[in-house]
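Have a look at the structure below before the remarks.
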Amino acid sequence: MTAKAFTVAVAGASGYAGSEAARIIAGHPGLRLGELAAHSNAGQPVAALMPQLAGAPGLATKFTDLDPDHLAGHDAVVLGLPHGASAELAGRLAETNPDIVIVDAGADFRLASAADWRRWYGSEHAGTWAYGLPELPLAGGGRQRDRLAGRRHIAGPGCNASAVALGLAPVLAGGLVDPVALSAALPVGTSGAGRKAKADMIFSEISGGARPYSTGGRHRHVPEILQSLRTAGAPETTSLSLTAILVPMSRGILAVCTGRTLPGTTTGRLLEAFNDAYSDEPFITVLPAGQMASTHPIVGSNMVQISAEADPDSGVSTVLVAIDNLVKGTAGAVVQCLNLALGLPETQGLPRIGLAP
């Protein structure tokens with residue numbers, strides 16, 4: 001444990017990403033939960049909107065407004081704001097306190113290409129921060145974590161993007177699967193759609209069914225995934241079809257990634273590639289042949305489960321990746337990045353044991 005607990009404020013704390021970040025920070029031995037800011041809920045009692053935090057030591061009484069002068073008085077700030085809303089606040093925080101660590105859980109700073117940002121988000125690009133997926137292999141060797149230690153500004157990854165990138169990077173880098181016409185279908189828990197009330201998200205509409213969204217190449221995580229895969233050594237010609245499917249569970253993602261098997265690829269070689277890439281990763285479990293990744297064991301944890309299989313009859317390889325979209329997919333990744341930025345042990349304060357059943 002460090003001698004000092006770093007103070008961390010959360011902006012956008014009343015949303016799912018922000019409240020989950022606050023929950024993890026509240027139990028972190030090296031961090032102290034500070035101001036909880038939520039523009040639309042400013043002045044509301046924190047315990048009323050987030051009763052899961054009622055027992056957190058030093059919990060703020062009420063949500064505050066998004067005042068950069070107040071937030072800048074912390075060692076670090078987590079931004080859990082809607083896409084497009086982080087850039088202005090981040091700029092004002094950095095002006096007020098140049099030493100402050102900012103980790104954005106939104107998309108504003110994830111993409112390196114300004115053209116990609118304009119195409120997929122329809123506004124001007126705010127810039128590019130270090131990408132916060134520590135386990136991502138780099139084409140020249142090493143891991144993305146090498147680019148995160150001590151950084152002041154980090155862009156947290158998207159939840160679907162994390163699952164697919166971690167699942168496809170090793171097999172593409174190893175030349176085991178054709179990089180053209182990859183496909184990923186992702187059953188996702190409804191918390192992935194955010195906390196805002198929507199008619200199509202009420203219980204009667206979502207219970208007992210499955211509803212795809214952002215189909216036909218329209219999902220905004222596509223350019224982020226391709227960026228990560230190319231960072232990991234995939235060729236520029238890599239292409240991906242992504243379909244996310246809301247299913248009636250509150251948490252979890254099961255990414256079903258498929259691609260055409262290249263000659264010589266077997267289930268054993270797929271698993272060897274994953275073990276070579278991730279055997280030392282504390283948050284990634286590569287399952288042995290015959291076992292399949294699933295969401296139940298990882299819910300509530302920062303863990304990733306990966307399984308893979310090559311089908312010799314169809315010539316298709318399938319990689320399954322299971323994560324909790326609110327922990328490893330969002331808030332857990334944010335805290336993992338905070339640990340790296342602040343010089344804390346990377347695993348500190350992060351749950352590695354899931355909630356099952």
Side-chain angles (χ1 to χ4, degrees), residues 133 135-139 141 143-144 157 159-188 210 212 215 217 219 221-222 224-245 247 252-298 303-323 328-329:
L133 186 56
E135 298 90 350
L136 182 69
L138 301 179
R143 296 288 185 271
Q144 183 67 14
C159 54
N160 297 314
S162 293
V164 177
L166 291 175
L168 289 177
V171 296
L172 290 175
L176 302 177
V177 172
D178 190 339
V180 178
L182 298 165
S183 179
L186 297 92
V188 180
T215 59
H219 200 291
H221 285 179
V222 169
E224 182 182 344
I225 295 168
L226 293 176
Q227 176 178 282
S228 291
L229 295 178
R230 289 164 183 155
T231 297
E236 288 297 316
T237 55
T238 301
S239 61
L240 173 71
S241 173
L242 180 71
T243 300
I245 307 162
V247 295
I253 293 174
L254 182 64
V256 183
C257 310
T258 57
R260 187 171 66 85
T261 302
L262 292 179
T265 298
T266 63
T267 296
R269 288 193 64 195
L270 290 172
L271 293 175
E272 182 181 3
F274 282 115
N275 282 309
D276 287 346
Y278 299 137
S279 61
D280 294 330
E281 292 295 342
F283 294 120
I284 298 181
T285 300
V286 179
L287 298 176
Q291 293 187 28
M292 293 180 288
S294 61
T295 58
H296 268 305
I298 51 78
M303 297 300 292
V304 181
Q305 269 196 356
I306 298 178
S307 62
E309 190 168 15
D311 180 351
D313 293 324
S314 68
V316 172
S317 288
T318 300
V319 177
L320 302 179
V321 184
I323 65 172
K328 183 54 180 170

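Along the sequence shown, residues are numbered consecutively beginning with 1.
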Side chain proximity check, [X] to [Y], heavy atoms < 4.5 angstrom:
X      : Y      : value
Leu138 : Thr231 : yes
Ile245 : Val188 : no
Tyr278 : Leu166 : yes
Val164 : Val321 : no
Glu224 : Pro157 : yes
Thr265 : Val171 : no
Ile306 : Val304 : yes
His221 : Leu242 : yes

[X] side, atom [atom1]; [Y] side, atom [atom2] - distance, nearest 0.5 Å:
X      : Y      : atom1 : atom2 : value
Leu172 : Leu262 : CG    : CG    : 9.0 Å
Cys257 : Ile225 : SG    : CD1   : 8.0 Å
Gln291 : Leu320 : CD    : CG    : 12.0 Å
Gln305 : Ile284 : CD    : CD1   : 12.0 Å
Ile253 : Asn160 : CD1   : CG    : 4.0 Å
Leu182 : Leu226 : CG    : CG    : 8.5 Å

Looking only at heavy atoms, which two atoms of [X] and [Y] are closest? And how far apart?
X      : Y      : answer
Ala232 : Leu136 : CB-CD1, 4.3 Å
Glu309 : Leu270 : C-CD1, 3.7 Å
Ala163 : Ile323 : CB-CD1, 4.1 Å
Ala308 : Thr267 : O-CG2, 3.6 Å
Leu229 : Ala165 : CD2-O, 3.9 Å
Leu133 : Ser162 : CD1-OG, 3.8 Å

Indicate yes or no for a side-chain donor-acceptor contact from Ser307 to the backbone of Leu287 under 3.5 Å, with no hydrogens or angles considered. no

- Item | Side-chain (Ser239) to main-chain (Ala181) donor-acceptor, under 3.5 angstrom |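 Answer holds: yes.
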
| field | Derivation of the side-chain hydrogen bond (donor to acceptor under 3.5 Å, both in side chains) call for Thr261 and Ser317 | value | CA-CA 5 Å; Thr261 302; Ser317 288; 2.6 Å; yes

